[in-house]
Number of protein chains: 2
Amino acid sequence: MFSIGELSKRTKVKVPTIRYYEEMGLLPEAERTSGNQRRYNKAGLERLSFIRHARDLGFSIEAISSLIELHEHPDRSCEAATEIATSHLEDVRVKIKRLKTLEKELTRISKGCDGEGVSEDCYVLASLADHNLCDRDH
Amino acid sequence: MFSIGELSKRTKVKVPTIRYYEEMGLLPEAERTSGNQRRYNKAGLERLSFIRHARDLGFSIEAISSLIELHEHPDRSCEAATEIATSHLEDVRVKIKRLKTLEKELTRISKGCDGEGVSEDCYVLASLADHNLCDRDH
DNA sequence: TCTTGAACCTCTAGTCACTAGAGACATTAC
DNA sequence: GTAATGTCTCTAGTGACTAGAGGTTCAAGA
């Protein structure tokens, strides 16, 4: 059994965040010492690692809740879990696409000023003001 | 001169968001009718278009504030504006990189279940629980 | 001119996933 | 025993909005 600080160290999740997850129902209510401090065991550690990993992958708290619930009621959990992961994957791909478009425009914009002395007006500001200077929609 | 609703239509920025931008100082305080309703002109429209475009590109409210200030004090604005754009570009590139790693892992995870009948345990949940199954760090 | 209904006003509170701080109590090391 | 560190709960703040309540103003038609 170890303290919340120890759990925090091992999982690299901050102490207030652990308490937050408990409040949100992602973690079960921890056991307490006689002095009301939380104590955890290996199961708690694993659960929190799972949550942290899923958060790192960009799953929302809500999605993680669903995944945990599936884990606890394992009938047909595999298909449902795959579905959550797949739908999340689609989100990620959309995000990547948008960011790439954005990268292109920012690259173009931020090149405008420092080369050939287009110094009359600032190209960055002009580009932002006039959407027609963009290559594409966004 | 036109109303906030009209401005909203033309810029595709929602009415409460326009008021929010005014409160945050991105937009100057609008002129008012005798009945206290906001009225805008072409300048207001252009300013809001600038803001919307910059937000679409993922600039924070704070960064946009800086860009606007630069615009209003144009001495050396070009270098400073380019710097803001460039630093933002770096952020974007980091995000793209992270998302791509993530895409790989999610692709791998979501393929786990529906093929060859690895049905004993759910591969999605196992992958999330055990970081060692990942290809790389994140 | 009057009326009706849409648009507008301010203000407060809610969203998500935390983070920060206050003030009090518990545990641990010496 | 004492001091330092850790932990507790609670409230409030973050960013960039969004939603809703309850009231006022505007524009168009009769």
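Letters A, B, ... are given to chains in the order of the sequence lines, protein chains preceding strands, and every chain is numbered from 1.
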- request: Check the distance between D:dT7's P and A:Ile18's CD1 and give it to me in whole angstrom.
  value: 9 Å
message: Once salt bridge (Lys or Arg N to Asp or Glu O under 4.0 Å) is applied, do any residues pair with B:Glu62, and if so which ones, sequence neighbours excluded?
response: none
- request: Sequence neighbours left out, what passes salt bridge (Lys or Arg N to Asp or Glu O under 4.0 Å) with A:Lys12? Give chain and number order.
  value: none
field: A:Glu6 CD - D:dT5 P separation (whole Å)
entry: 17 Å
- request: Round to the nearest Å and state the distance from B:Ile4 atom CD1 to D:dC26 atom P.
  value: 14 Å
query: In B/S/- notation, 5' to 3', how is nucleotides 12-30 of chain C contacted by protein heavy atoms closer than 4.0 Å?
result: -----BBS------SS---
Non-neighbouring partners of B:Glu31 that pass salt bridge (Lys or Arg N to Asp or Glu O under 4.0 Å), sequence neighbours left out: none
message: Without decimals, in angstroms, what is the distance between B:Phe2 CZ and C:dA7 C1'?
response: 16 Å
- line: Numerically ordered, the residues 22-32 of chain B set in heavy-atom contact under 4.0 Å with DNA chain D is none
- prompt: Which part of the nucleic acid, if any, lies within reach of A:Arg38 when heavy atoms closer than 4.0 Å are counted: base, sugar-phosphate only, or nothing?
  reply: sugar-phosphate
field: Under the side chain to side chain contact (heavy atoms under 4.5 Å, CB included) test, residues paired with A:Lys97 that sit two or more places apart
entry: none
field: Qualifying residues under side chain to side chain contact (heavy atoms under 4.5 Å, CB included), relative to A:Ser3, sequence neighbours excluded
entry: A:Glu6, A:Arg39
- prompt: Where the side chain of B:Asp91 meets the backbone of B:Val94, is there a donor-acceptor pair that is under 3.5 Å apart?
  reply: no
Cut-off 3.5 Å, no hydrogens considered: what does the side-chain donor-acceptor table look like for residues 15-27 of chain B, sequence neighbours left out?
from    : atom 1 : to      : atom 2 : distance (Å)
B:Glu22 : OE1    : B:Arg38 : NE     : 2.9

Pair listing, ring pair (Phe, Tyr, Trp, His ring centres under 6.0 Å) test, anchored in residues 81-110 of chain B, at least two apart: B:Phe59-B:His88
